[in-house]
Structure formats: C-alpha cells, structure tokens
Amino acid sequence: MILPIVAYGAKILRDKAGQIDVNYPDLDMLISNMWETMYGSNGVGLAAPQINRPIRLFVMDSLQIIESLSPDEKKEYPNDNGFKGVFINPIIKGHAGDEWPYNEGCLSIPKIREDVMRPEQITISWLDENFTAHEQNFDGITARVMQHEYDHLEGKLFIDYLSPLKRRIMKNKLDDISKGKVKMDYRMVVIKS
Ligand code: NI
C-alpha cells in the first residue's frame with residue numbers, strides 16, 4: 001500500500017525518532033509499504049518519520065542510481081557499488097574523507113534541490129528486517145543517501161545545511177509546501193503541528 005508522505009512543516013519531521021525492537025507491531029507490512037511508497041514516488045530513500053511513524057527505520061536503494069551512471073560518471077565513485085536495504089536503529093559510527101557537494105532533494109520537500117556538503121565515507125551499524133546486526137563502510141552516493149536518511153531519524157533535513165541566505169530565498173516555497181500548495185504526482189499529507 002502506498003502511504004502518503006508527510007510534507008515539510010510537520011513536527012514529526014523535526015523530532016528525534018525512537019528505537020524499535022522485534023515486537024514492533026506489523027513491521028513486515030510497514031517495511032513493504034515503505035518500499036512501495038518509495039518506489040512509487042521515484043525516491044531513493046524513505047525514512048519512517050516521513051510516513052508519520054516516529055521510529056528509527058529507513059529504507060534505501062542506491063543501486064538504481066549507480067546503475068544509471070555513465071561509465072565516466074561511475075569513475076567518480078570507484079568504491080560505490082550501490083546498496084539496497086532496510087535500516088533499523090542505525091548508528092553512524094564515524095565519518096571519513098573530504099566533504100563534497102551533491103545535489104539533494106527530499107520527498108517531504110518537493111521541487112527543491114540544493115547542493116549539500118557531506119563527508120565521503122561513513123561507518124554505519126544497523127539491524128536489517130530480520131533484526132540481524134551489520135556494520136559496514138560505505139562510500140560515495142550510497143554514503144550520501146544513508147546520511148540523508150539517517151538525518152531524518154534525528155529530526156534533521158537537508159535544507160538545514162544551507163546558508164541563511166539560501167534558506168531566506170526559499171522561504172516562500174517552503175511555506176507553500178507546509179500548506180499543501182505544491183501539487184505532486186505522489187500523495188502527500190499536511191500535518192498541522
Ligand atoms: Ni529526505
């Protein structure tokens with residue numbers, strides 16, 4: 001089932017999400033709905049707060065991005081083979097490499113894209129959908145998407161990284177999104193805080 005995506009302006013997108021355990025109700029169904037919602041809106045990642053669940057869970061698929069790169073573009077990300085997975089209670093344990101800019105967007109902030117600086121590599125630990133523990137290093141676009149989705153669990157959005165001037169310039173657009181005035185081809189919900 002495709003779930004409506006919470007629009008910018010809702011308090012849940014600004015709250016720190018809580019950990020879950022194996023007893024969280026109907027988790028398999030929730031994860032399956034999150035995949036359907038993410039692909040249905042052409043997203044590469046989706047965090048639970050974006051579908052109005054205050055829990056530490058996100059899904060992401062950077063394989064689709066890596067596979068769409070030209071051979072020349074792929075050379076820019078030699079250590080990124082893409083990754084698809086479910087992340088429960090993730091912890092970013094470390095960052096490495098230089099900060100680099102990448103044009104980011106967010107399903108909760110439609111029609112706004114901006115370059116954001118983030119570190120190249122991360123080490124992340126997480127539980128998958130079977131509650132099996134993993135720890136791995138990621139690089140390039142994959143590490144980028146993970147950092148963006150992880151931020152959602154901390155109540156942080158990519159626009160927080162922009163300069164005050166850029167934020168001021170986009171204020172009217174953000175206000176429109178928070179009022180539901182931006183029409184998208186996927187379902188969004190405005191939650192008044
Ligand atoms: Ni996002």
Side-chain angles (χ1 to χ4, degrees), residues 2-18 30-31 33-66 68 80 82-92 95 99-119 122 124 126 138 140-163 166-167 170-171 173-191 193:
I2 291 187
L3 307 166
I5 291 173
V6 174
Y8 172 82
K11 182 174 175 294
I12 193 166
L13 296 179
R14 289 313 198 171
D15 290 343
K16 197 173 153 93
L30 176 65
I31 289 168
N33 288 342
M34 284 177 70
W35 283 125
E36 205 179 329
T37 303
M38 187 194 89
Y39 288 121
S41 50
N42 293 313
V44 293
L46 180 69
Q50 294 183 277
I51 46 115
N52 204 23
R53 299 271 190 137
I55 58 173
R56 300 185 82 77
L57 160 66
F58 68 78
V59 298
M60 67 157 284
D61 178 3
S62 63
L63 289 170
Q64 41 173 346
I65 305 180
I66 296 299
S68 71
D80 185 3
F83 192 82
K84 175 182 172 177
V86 175
F87 291 75
I88 296 169
N89 302 339
I91 298 171
I92 293 185
H95 298 89
E99 293 208 341
W100 63 294
Y102 186 79
N103 203 244
E104 293 190 25
C106 180
L107 294 174
S108 294
I109 312 174
K111 297 186 177 170
I112 293 183
R113 297 194 71 90
E114 289 290 341
D115 281 353
V116 176
M117 300 290 289
R118 295 188 193 266
I122 58 166
I124 186 170
W126 76 99
F138 291 98
I141 295 171
T142 298
R144 162 78 48 171
V145 176
M146 278 172 198
Q147 290 175 81
H148 176 118
E149 297 312 323
Y150 181 85
D151 273 354
H152 275 299
L153 310 184
E154 295 290 305
K156 209 164 176 187
L157 301 169
F158 81 91
I159 54 173
D160 300 349
Y161 294 91
L162 306 178
S163 69
K166 275 205 168 143
R167 284 286 288 271
M170 65 174 59
K171 187 179 181 305
K173 278 188 185 174
L174 290 171
D175 285 348
D176 283 350
I177 294 169
S178 66
K179 291 173 189 157
K181 285 185 186 167
V182 175
K183 289 285 157 266
M184 293 305 296
D185 49 14
Y186 53 87
R187 206 146 65 92
M188 294 199 77
V189 58
V190 170
I191 301 174
S193 306

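Counting starts at 1 for both ligands and their atoms, following the listed order.
With respect to Pro110, the side-chain contact (heavy atoms from CB on, under 4.5 Å) criterion is satisfied by exactly one of Asp176, Ile5, Ile177: Ile177. When each of Arg113, Gln147, Arg144 is tested with Glu104 by the rule side chain to side chain donor-acceptor pair (under 3.5 Å), just one qualifies, namely Arg144.
For Lys166 and Asp115, the salt-bridge test fails: no basic side-chain N is under 4.0 Å from an acidic carboxylate O. Ion pair Asp175/Lys179 not flagged as a salt bridge, since none of the NZ, NE, NH1 or NH2 atoms sits closer than 4.0 Å to an Asp/Glu carboxylate oxygen.
A cation-pi contact links Arg118 to Tyr161, judged by a cut-off of 6.0 Å to the six-membered ring centre and 45° from its axis.
Protein nitrogen, oxygen and sulfur atoms, that is N, O or S, within less than 2.8 Å of the Ni ion (ligand 1) amount to 3.
In the model, Asn42 has no side-chain atom that pairs as donor or acceptor with a side-chain atom of Tyr186 under 3.5 Å.
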